[in-house]
> 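Have a look at the structure that comes next, please.
Just so it is clear, the values below take in all heavy atoms, side chains as well, and ignore hydrogens, waters and symmetry mates. Below, read A as the first sequence line, B as the second, and so on, with proteins coming before strands; counting in each chain starts at 1.
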2 protein chains.
Amino acid sequence: MELTERQAHIVEIVKESSPITGEQIAARLDLTRATLRPDLTILTMAGLLEARPRVGYFYRERHEPSAVAERLRRIRVGDFKSVPAVVRESVSIYEAIVAMFTQNVGSLIVVTEDRVLAGMVSRKDLLKAALGKNDLQQVPVGVIMTRMPNIFMTTPDEPVLDAARKLVQHQVDSLPVVEGFIDEQGDERYEVVGRFTKTNISKLFLDIGKA
Amino acid sequence: MELTERQAHIVEIVKESSPITGEQIAARLDLTRATLRPDLTILTMAGLLEARPRVGYFYRERHEPSAVAERLRRIRVGDFKSVPAVVRESVSIYEAIVAMFTQNVGSLIVVTEDRVLAGMVSRKDLLKAALGKNDLQQVPVGVIMTRMPNIFMTTPDEPVLDAARKLVQHQVDSLPVVEGFIDEQGDERYEVVGRFTKTNISKLFLDIGKA
């Protein structure tokens, strides 16, 4: 497990002084109990600490490597992706907005005629365009989209954890799921085979919670 | 664990005929291996099935109730919520759009003067308004927001799993985190203390994966 500095510090404190309550750990770190709670949850979840009600936290000498994390790492994007919501580069901004409403998605994948990834367009992009001076019926969505190669992508084989990290770190709601190939000019292209979103992660999270 | 009909069927098949490969289970159900993979992942994760490479799936006679789900159920919204992104009911639609861009959020919580929940406004609502004939500088956001009591909410004490279920089932990106109180007229009101989004779930999912 990759511990943050604060989590490592908490583990040290519990090692030295168990059993120790959350309040006592917080006092030692000069933090509030509320600030500390997520870290304590994660450390307990990871099996590094054991929480005994009305007693306090113990360090677990022989904690097993977390089976949860291990199993999570084996789950692949391809098994939990959604069908892609796509529009062609040549459709107007207005048509893209309509497509976004009718498909009820937060972003659209923009493709060339042959389903090859060209870019992405988000609700935010469309809102900006709607406020601007563009003629929404005339200007193609290709003009306002975020264009390749500036697109964060995933593949069916990628672990969902890595895809989740991309979504969180790059602050995007959706990743196109692609399969790479080499075109006739010898350039690398990406065929769109799905999309992977924070909604997919939320559903998977629910499935795990039911399990 | 609440099994779906298909998952229960898979368990029956594995009980009868283990070890059995994914392909064989798929053939018995007249489905493709790919269709089945998410179910097999969830059942293995839940500890009901055991997957042995190059052998197949076994049913686990004495599977422990899943420690993962048990621990997940103890995680509360209050420990993983974000600070709320709010605007007052009286600000114009244009000002709300600016607030949404500057705060980089997918939806805004609309409050009365005293931080009491009045409604929610999403990027989708703002995009619709921008396309319409409203004077964005003049019309207050209160006119286009989704208004109480039609708002899905959560509380600091609610398990994140229940909040996740609300987000997924109702297809919303964000829930206001509230604390209820009774006002001077004897009506129930909700003070906004945070927001809980699919991004919060994605981050928690990452934390669990690291654990």
> Could you list all the side-chain hydrogen bond (donor to acceptor under 3.5 Å, both in side chains) pairs where at least one residue sits in residues 42-53 of chain B, not counting sequence neighbours?
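side-chain hydrogen bond (donor to acceptor under 3.5 Å, both in side chains) check on residues 42-53 of chain B returns Glu50(B)-Arg52(B).
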> Mark yes when over 12 heavy atoms from residues, nucleotides or ligands other than Tyr94(A) sit less than 6.0 Å from its OH; otherwise mark no.
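For Tyr94(A), atom OH is not crowded (no more than 12 foreign heavy atoms under 6.0 Å).
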> Can you give me the closest heavy-atom contact between Val168(B) and Ser202(A), atom names plus distance?
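Heavy-atom minimum between the residues: CG2-CB, 3.8 Å.
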> Name, in order of residue number, those residues of residues 154-166 of chain A that have a heavy atom at a distance of less than 4.5 Å from a heavy atom in chain B; otherwise write 'none'.
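Expected list: Val160(A), Leu161(A), Ala164(A), Arg165(A).
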> OG1 of Thr41(A) to CG of Asp207(B): how many Å apart, nearest 0.5 Å?
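Going from OG1 on Thr41(A) over to CG on Asp207(B), the span is 10.0 Å.
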> Please classify the contact between Leu127(A) and chain B as side chain, backbone, both or neither, with a heavy-atom cut-off of under 4.5 Å.
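For Leu127(A), the contact with chain B is made by backbone and side chain together.
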> Out of Arg74(B), Met100(B), Lys128(B), return the one with the most heavy atom pairs under 4.5 angstrom to chain A.
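Ranked by contacts with chain A, first place is Lys128(B).
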> Are Asp173(A) and Lys198(B) packed together at the side-chain level, in the sense that at least one heavy-atom pair is separated by less than 4.5 angstrom?
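Side-chain contact under 4.5 Å: no.
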> Given heavy-atom pairs under 4.5 angstrom as the criterion, report whether the side chain, backbone, both or neither of Phe205(A) touches chain B.
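For Phe205(A), backbone and side chain are both near chain B.
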> Just how far is it from atom CD1 of Ile201(B) to atom NZ of Lys203(A), taken to the nearest 0.5 Å?
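If we round to the nearest 0.5 Å, Ile201(B):CD1 and Lys203(A):NZ are 12.0 Å apart.
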> Look up atom CG in Leu126(A) and atom CG in Leu126(B), then write down how far apart they are to the nearest 0.5 Å.
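These two atoms lie 13.0 Å from each other.
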> Give the interface residues of residues 129-138 of chain B toward chain A, defined by a heavy-atom separation under 4.5 Å.
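Only Ala130(B), Leu131(B), Leu136(B) of residues 129-138 of chain B have a heavy atom under 4.5 Å from chain A.
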> Which residue out of Arg37(A), Lys124(A), Gln171(A) racks up the most heavy-atom pairs below 4.5 Å with chain B?
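It is Lys124(A).
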> Who in residues 16-36 of chain B is close to chain A, using a strict under-4.5 Å heavy-atom cut-off?
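Answer by number: none.
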